[in-house]
Amino acid sequence: MESTENKTHSHSHRHHHGQHRSENVYVYQVETNVSKNVLNLAFTAAVLGQLLFFLANFSISAVLGSDGTSFVLLAHFLRTVGEGFLLYCLMKGMASLRYPLKPYFIAAIFFFVLFHVVTCICLLFNWTSFLGDAGVFFYMANTITYFALGFKLKQKYRDSMAKLGVTMMTYIILSMALSLIGLNGANIYADLACIAVGVFYIVTLRDRFDVNDYDF
């Protein structure tokens, strides 16, 4: 019988020179070659990206005397660097697990980065017409692939990885719902709720890495 310890704190590893993957689906954390400081920088960038979207809210940006564009631009950039890097590290760390989910990670990371980079470029050069025409496609591609990754994490794993998948899906659904009904950036309470869930998701993502003395 598998011990409780093995269920709650299994790491990414290979047996017999990498020929057999770990069979444990109760994975708490994965190993990474990235240092604690680098992970913390990525985590900080992702969280700041989330918080800056709040400053882009119409009510807040009006008080600050801004149209919110600069906040949105910086928010997209920080999320691309921070969140994208954490997802990449998770993909590398899960490579030796029973279900590495590599195609789902690649698709999610690719469209996540593409959406945010295209948005940054359009905002930087004021290509609003192109962003309006192509933005829906890039946003939906990002949403669908990110949701699919969260769904597979929930489907294939238990414990903390399943929790990560649920949190990922919750954040994606909430963001899409608020966008569809036009509350993103317009309703301060909706923005607060979305950002709170987003920050919780980033914290959950960060906690999936096994590094010594991880906390700040």
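These values consider heavy atoms only, across backbone and side chains, with no hydrogens, waters or symmetry-generated copies. Residues: numbered from 1 along the sequence shown.
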*Where Ser175 and Cys194 come nearest, the two heavy atoms and their spacing*: OG-SG, 3.4 Å
_Parallel, tilted or perpendicular, as decided by the 30° and 60° cut-offs, for the rings of Phe85 and Tyr88_ = tilted
*Are the side chains of Met176 and Phe147 in touch, meaning some heavy atoms are under 4.5 Å apart?*
no
*So Met161 and Val30, side chain to side chain contact (heavy atoms under 4.5 Å, CB included) or not? Walk me through it.*
CA-CA 10 Å; Met161 281 297 179; Val30 297; 3.7 Å; yes
*Would you say Leu192 and Ile181 are hydrophobically clustered, going by side-chain heavy atoms of ILVMFWY under 4.5 Å?*
yes
_Measuring from atom CG of Leu48 to atom CG of Leu52, what distance do you get when rounded to the nearest 0.5 angstrom?_
6.5 Å
*Test item: Tyr104 and Met91 side chains (from C-beta on) under 4.5 Å apart, heavy atoms*: no
*Reported CG-to-SG distance for the pair Leu205 and Cys89, which is rounded to 0.5 angstrom*: 9.0 Å
*Where do Phe43 and Ile202 land on the side chain to side chain contact (heavy atoms under 4.5 Å, CB included) test, with the steps shown first?*
CA-CA 7 Å; Phe43 165 74; Ile202 296 299; 3.5 Å; yes
*Taking the six-membered ring for Trp, is the centroid-to-centroid distance between Phe111 and Phe138 below 6.0 Å?*
no
_Qualifying residues under ring pair (Phe, Tyr, Trp, His ring centres under 6.0 Å), relative to Phe112, sequence neighbours excluded_ = His116, Tyr146
*Please list, chain by chain and in numerical order, all residues satisfying side chain to side chain contact (heavy atoms under 4.5 Å, CB included) with Val113, sequence neighbours excluded.*
Thr80, Ile109, Val117
*Evaluate side chain to side chain contact (heavy atoms under 4.5 Å, CB included) for Arg206 paired with Val47, printing each intermediate quantity in order.*
CA-CA 11 Å; Arg206 181 199 70 173; Val47 170; over 6 Å; no
_Path from Val199 to Tyr189 over hydrophobic side-chain contacts below 4.5 Å_ = yes
_Would you compute the distance between atom NZ of Lys156 and atom CZ of Phe151 and round it to the nearest 0.5 angstrom?_
9.5 Å
*Rounded to the nearest 0.5 Å, what separation is found between the CG atom of Leu114 and the OG1 atom of Thr145?*
10.0 Å
_To check you understand the geometry: which heavy-atom pair defines the closest contact between Met169 and Gly150, and what is its length?_
CG-C, 3.9 Å
*Taking the side chain as every heavy atom from C-beta outward, state whether Met94 and Leu153 have any pair of such atoms under 4.5 Å apart.*
yes
_With a 3.5 Å distance limit and no angle check, can you tell me whether Arg208 reaches the backbone of Tyr28 through a side-chain donor-acceptor pair?_
yes
*asked:* Keeping Tyr157 on the side-chain end and Tyr99 on the backbone end, is there a donor-acceptor pair under 3.5 Å?
replied: yes
*If you draw a 6.0 Å radius around NZ in Lys152, do more than 12 non-hydrogen atoms from other residues or ligands fall strictly inside?*
yes
*Is a donor on one side and an acceptor on the other found under 3.5 Å between the side chain of Gln29 and the backbone of Phe209?*
yes
*Do you know which two heavy atoms are closest between Leu174 and Ala193, and how far apart they sit?*
CD2-O, 3.9 Å
_Would you say that Val197 contacts Tyr201 through its side chain, given a criterion of any heavy-atom pair below 4.5 Å between the two side chains?_
no
_4.5 Å side-chain heavy-atom contact, Leu51 and Ile195_ = yes
*Start with the C-alpha gap between Leu86 and Leu39, add the side-chain angles, then the distance that decides, and say whether side chain to side chain contact (heavy atoms under 4.5 Å, CB included) holds.*
CA-CA 7 Å; Leu86 290 175; Leu39 285 173; 3.9 Å; yes
*With rounding to the nearest 0.5 Å, note down the distance linking NZ in Lys163 to CG in Asp207.*
7.5 Å
_Nearest-0.5 Å distance that lies between atom CE in Met168 and atom CD1 in Ile172_ = 8.0 Å
*Could I get the full list of ring pair (Phe, Tyr, Trp, His ring centres under 6.0 Å) partners for Tyr171, not counting sequence neighbours?*
none
